[in-house]
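Along the sequence shown, the residues carry numbers beginning at 1. It should be emphasised that the depicted structure is a prediction, and the values quoted were computed from it without experimental measurement.
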Amino acid sequence: MTTPTTPTSGVQLLEVAPELAGQRIDNFLRNQLKGVPKTLIYRILRKGEVRVNKGRIKPEYKLQAGDVVRVPPLRLAERDEPEPLAQGLLQRLEAAIVYEDKALIVLNKPAGIAVHGGSGLNYGVIEAFRQLRPDAKDLELVHRLDRDTSGLLMIAKKRSMLRHLHEQLRGDGVDKRYMALVRGHWATAKKQINAPLLKSNLRSGERMVEVNPEGKEALTLFRVLRRFGEFATLVEARPVTGRTHQIRVHAQYGGHCIAGDSKYGDDDFTREIRELGGKRLFLHAYELNIPLPEGGVLKLEAPVDEMWARTVERLSA
């Protein structure tokens, strides 16, 4: 629980309770300020109008128990409920669930759907699930997948599960494996790419990542799954670290960019794959091994979509 000490029409001071420790400030505000547009929340964060313990913070700041968050006066929307999302999207995401219990949802996210709203998007997977599961008050993304990447995505329904999985992700507890269709003949002996990654934002606001000695350490393990002559290879990628765009940039750095990658790919290779019907990014999170709080490991796999399967079949012909 949080304790507002002033009316919501003026300045609000919100004290962070212990069970909310570790939550990002932007997610915290989106949960607390019902009816306030996300664009407004991110604007007041960017402008430094939100203070924590009287100091400025970044949107990715993680709250500590006892922090006092100062929120400036805001013009609240007339109603607290978010705009209802299209039933077709909600049904599609409901059907994509591969596992659910009282603390965790895992779904096979379709390619082309963002995991959260922002950057011109009004909604994403998490906003949809907050409508699908209105009684689950603490729904949060455990990790992220790029919008055009498909596959297994974890959503915590309880703060305790979120904290547990974040601890596992910081270590080597959660085993995440992806499939990628890459250009050319990936050598069997090329089993890993260890290259630091530096993130930057272009003037357009687009996020780009490059191999750079000044970047953060990044390691991806690779394994050949299937070959299509010299033209393409299906590989398994296991990111040991969790950097933005890590697999895509490491594949490019290794000389074998991923099919359908508009940022780091090869236009000619992508065009040839599109001519086979593959009009998507060929990166899919297909396997998860998740250590559970009570012991044991939850092992999950997610199949690729029809477009992927059809394209690979045509490559094999």
Side-chain angles (χ1 to χ4, degrees), residues 1-74 76 80 102-105 115-119 124-127 129-130 133 136-145 153-174 199 201 207 215-218 241-244 290-294:
M1 295 292 293
T2 56
T3 310
T5 59
T6 58
T8 57
S9 57
V11 171
Q12 295 184 69
L13 296 176
L14 306 173
E15 185 175 342
V16 178
E19 64 267 22
L20 297 180
Q23 189 173 34
R24 277 174 49 133
I25 183 68
D26 53 351
N27 291 329
F28 172 81
L29 292 176
R30 281 163 56 186
N31 286 332
Q32 297 298 315
L33 305 177
K34 301 295 186 185
V36 177
K38 291 190 291 291
T39 51
L40 177 55
I41 290 174
Y42 283 103
R43 191 181 311 139
I44 62 175
L45 280 168
R46 280 197 311 273
K47 290 184 174 180
E49 295 178 28
V50 175
R51 304 294 179 97
V52 175
N53 303 329
K54 300 183 179 180
R56 290 193 174 202
I57 40 81
K58 295 182 177 181
E60 59 269 22
Y61 174 80
K62 291 187 177 178
L63 294 162
Q64 306 297 317
D67 278 353
V68 176
V69 180
R70 179 196 181 277
V71 182
L74 296 171
L76 300 182
D80 290 343
K102 62 185 179 181
L104 179 66
I105 297 171
V115 295
H116 59 76
S119 300
V125 170
I126 190 63
E127 288 82 8
F129 270 93
R130 284 171 181 155
R133 300 289 185 273
K137 302 301 183 187
D138 293 323
L139 278 182
E140 293 290 352
L141 291 165
V142 175
H143 60 120
R144 287 169 167 73
L145 292 178
L153 178 70
M154 295 182 283
I155 299 174
K157 296 166 77 173
K158 292 188 174 182
R159 295 292 304 168
S160 56
M161 178 60 84
L162 184 67
R163 284 195 297 270
H164 166 75
L165 291 176
H166 279 173
E167 286 172 7
Q168 297 300 315
L169 285 165
R170 279 193 292 270
D172 56 1
V174 178
K199 187 165 55 176
N201 290 317
R207 191 162 48 181
K216 293 182 178 179
E217 178 187 2
T241 50
R243 310 300 179 205
T244 301
I290 309 166
L292 297 173
E294 62 273 17

Check the pair Phe28, Asp67 against side-chain contact (heavy atoms from CB on, under 4.5 Å), reporting the backbone distance first and the verdict last.
CA-CA 12 Å; Phe28 172 81; Asp67 278 353; over 6 Å; no
Approximate separation, where rounding is to 0.5 Å, of Leu45 CG and Leu40 CG:
9.5 Å
Would you confirm whether Arg159, through its side chain, and Asp138, through its main-chain N or O, come within 3.5 Å as a donor-acceptor pair?
no
Audit row: Arg207, Lys199, side-chain contact (heavy atoms from CB on, under 4.5 Å) steps and yes/no
CA-CA 7 Å; Arg207 191 162 48 181; Lys199 187 165 55 176; 3.4 Å; yes
Looking at residues at least two apart in the chain, or sitting in another chain, which of them share a side chain to side chain contact (heavy atoms under 4.5 Å, CB included) with Ala65?
Pro18, Ala21
Counting C-beta onward and ignoring hydrogens, is there a side-chain heavy-atom pair between Lys216 and Thr241 closer than 4.5 Å?
no
Test His164 against Leu104 for side-chain contact (heavy atoms from CB on, under 4.5 Å), laying out the working first.
CA-CA 11 Å; His164 166 75; Leu104 179 66; over 6 Å; no
So does Glu217 have more than 12 non-hydrogen atoms from other groups sitting under 6.0 Å from CD?
no
Of all heavy-atom pairs between Pro291 and Leu165, which one has the smallest distance, and what is that distance?
O-CD2, 4.3 Å
For the side chain to side chain donor-acceptor pair (under 3.5 Å) test, which of Glu140, Arg163, Lys62 pairs with Gln23?
Glu140
Could you state the interatomic distance from CG (Asn53) to CD (Gln64), rounded to the nearest 0.5 Å?
9.5 Å
Heavy-atom pair with the smallest gap, counting every atom of Ala156 and Val142
N-CG2, 3.6 Å
Test Met154 against Val174 for side-chain contact (heavy atoms from CB on, under 4.5 Å), laying out the working first.
CA-CA 11 Å; Met154 295 182 283; Val174 178; 4.2 Å; yes
Rounded at 0.5 Å granularity, tell me how far CD1 in Ile155 sits from CD1 in Ile126.
4.5 Å
When you compare the side chain of Leu20 with that of Leu63, does any pair of heavy atoms fall below 4.5 Å?
no
Nearest 0.5 Å please: distance from the CD1 atom of Ile25 over to the CD1 atom of Ile57.
5.0 Å
NZ-CG distance between Lys54 and Leu13, expressed to the nearest 0.5 angstrom
9.5 Å
Side-chain heavy-atom pair Lys158, Lys102 within 4.5 angstrom cut-off
yes
Hey, are the side chains of Arg144 and His116 touching, using non-hydrogen atoms and a 4.5 Å cut-off?
yes
Contact summary for Val52 and Val69, nearest pair of heavy atoms
CG2-CG2, 4.2 Å
Using distance alone, with no hydrogens and no angle criterion, decide if Tyr61 and Arg56 have a side-chain donor and acceptor under 3.5 Å apart.
no
Restricting to non-hydrogen atoms, name the atom on Val115 and the atom on Glu127 that form the minimum distance, rounded to 0.1 Å.
O-OE1, 4.3 Å
Please answer whether the main-chain N or O of Leu153 pairs with a side-chain N or O of His143 as donor and acceptor at a distance below 3.5 Å.
no
For the backbone of Arg24 and the side chain of Asn27, can you confirm whether one donor and one acceptor N or O come within less than 3.5 Å of each other?
no
